[in-house]
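As structure tokens, the structure follows; a few thoughts come after it.
Note that the structure is a prediction, hence the values are computed from the model and not measured. Both backbone and side-chain heavy atoms feed into the values below; hydrogens, waters and symmetry mates do not.
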Amino acid sequence: MADPPLYQEHEVLKRLKLRPSELEALLNVGIIAPVARRGSDPMYCAATIDALATSYQHTRMGCAIWWDFDLGRPSFLPAHAEWSPPNVPFYPFDDAEQQAWARRVYKLKKACAPGPYPYPDRLARYRARMEDKATKAFEREHGIKRPRKSRGIDVRIRRTRVQITRAKLRDLVWSKTLIRAAADLGIKETALRFLCKRQNIPLPTRGHFNWKDPKKRPPKPTL
């Protein structure tokens, strides 16, 4: 089975007649999202990009880049010019969630102009989430199954090799005190705390095992 066609970034810019800054703006509001990675280079679904390469969609993307929520129209248009939005819901955005996010982005960009966007970490998280959603939809459409990630832990702590799954490690630290759990693994309590923190495994609170009746203890959390 042949791999579905993908475009590199320079092909997307050429196909959609965009500048790099314009593509960056569309990525920030989630109108375009990569569906794969080749090394560190983003790859885009060719069918989606081809569908956007029409004059109608080009106008729509241009309006999205220059949208002004206060005016309810693109900011590049003169005040006296007539403008009728294309017949799509939540123009120029596809859904209410995306519109709410774009409203926050554009409001902060406008408030901080001409400086950069003040919260780049938020942009990075949103773009990563949009990329993950686009990737999953692309894989479902083309029947691609990504390899299952291993949930096992295999680390060496001061010449002691620890091999255990996250679920078993969670069960261990919630079944006995950390000193005893660490002794079972052959490591120190501080090393076990650090390992659980690195693997995002919640630990029992102080005094958890002082309850003689196990039923009265807080239940162990899910991973």
Glu9: salt bridge (charged side-chain N to carboxylate O under 4.0 Å, His left out) partners, not counting sequence neighbours: none

Indicate every side-chain donor-acceptor pair of residues 26-55 with a distance under 3.5 Å to a residue at least two apart or in another chain.
from	atom 1	to	atom 2	distance (Å)
Asn28	OD1	Arg127	NH1	3.0
Asn28	ND2	Glu24	O	3.3
Arg37	NE	Glu131	OE2	2.9
Arg37	NH1	Ser40	O	3.1
Arg37	NH2	Glu131	OE1	2.9
Asp50	OD1	Tyr7	OH	3.0
Asp50	OD1	Arg15	NE	2.9
Asp50	OD2	Tyr7	OH	3.4
Thr54	OG1	Gln57	N	3.2

State the SG-CH2 distance between Cys63 and Trp83, to the nearest 0.5 angstrom. 5.5 Å

Between the OG atom in Ser84 and the CZ atom in Arg73, the distance rounded to the nearest 0.5 Å is 10.5 Å

Considering only heavy atoms from C-beta outward, does the side chain of Leu169 approach that of Leu192 to under 4.5 Å? yes

Output all residues satisfying side chain to side chain contact (heavy atoms under 4.5 Å, CB included) with Arg206, sequence neighbours left out; order by chain, then residue number. none

Which value, rounded to the nearest 0.5 Å, describes the distance between Phe93 atom CZ and Trp67 atom CH2? 7.0 Å

d(His80 NE2, Glu82 CD) to nearest 0.5 Å is 10.0 Å

Nearest non-hydrogen partners of Arg193 and Leu203, listed with the distance: NH1-CD1, 3.9 Å

At their closest point, which heavy atom of Ala64 faces which heavy atom of Tyr106, and how far apart are they? O-OH, 2.6 Å

Identify, with sequence neighbours excluded, every residue that meets side-chain hydrogen bond (donor to acceptor under 3.5 Å, both in side chains) alongside Lys110. Asp70

Any Leu195 side-chain heavy atom under 4.5 Å of Val155 side chain: yes

Would one find more than 12 heavy atoms of other residues, nucleotides or ligands at under 6.0 Å from atom CG of Asn200? no

As a quick check of understanding, evaluate side chain to side chain contact (heavy atoms under 4.5 Å, CB included) for Asp3 and Ile144, giving each step before the final call. CA-CA 9 Å; Asp3 293 334; Ile144 300 172; over 6 Å; no

Considering only heavy atoms from C-beta outward, does the side chain of Cys196 approach that of Val173 to under 4.5 Å? yes

How many angstroms lie between atom CD1 of Ile187 and atom CD1 of Ile157, to the nearest 0.5 angstrom? 4.0 Å

For the atom pair NZ (Lys14) and NE2 (His10), what is the distance rounded to the nearest 0.5 Å? 9.0 Å

Charged N to carboxylate O below 4.0 Å: is that the case for Glu139 and Lys136? no

Name all pairs fulfilling the salt bridge (Lys or Arg N to Asp or Glu O under 4.0 Å) condition that reach into residues 172-182, sequence neighbours left out, sorted by first residue then second. Lys176-Asp184

Nearest non-hydrogen partners of Leu185 and Thr160, listed with the distance: O-CG2, 3.8 Å

Is any side-chain heavy atom of Leu23 closer than 4.5 Å to one of Pro20? no

Using the rule that Ile, Leu, Val, Met, Phe, Trp and Tyr join whenever any side-chain heavy atoms are under 4.5 Å apart, tell me whether Val12 and Tyr56 fall into a single cluster. yes

Output all residues satisfying side chain to side chain contact (heavy atoms under 4.5 Å, CB included) with Lys220, sequence neighbours left out; order by chain, then residue number. Arg170, Asp171, Trp174

As a test of understanding, state which of Tyr117, Tyr119, Trp101 forms a ring-ring contact (aromatic ring centres under 6.0 Å, His included) with Tyr126. Trp101

More than 12 foreign heavy atoms under 6.0 Å from CZ of Phe194: is that the case here? no

Give the C-alpha distance, both sets of side-chain angles, the deciding distance and a yes or no for side chain to side chain contact (heavy atoms under 4.5 Å, CB included) between Gln99 and Asp95. CA-CA 6 Å; Gln99 189 186 46; Asp95 54 46; over 6 Å; no

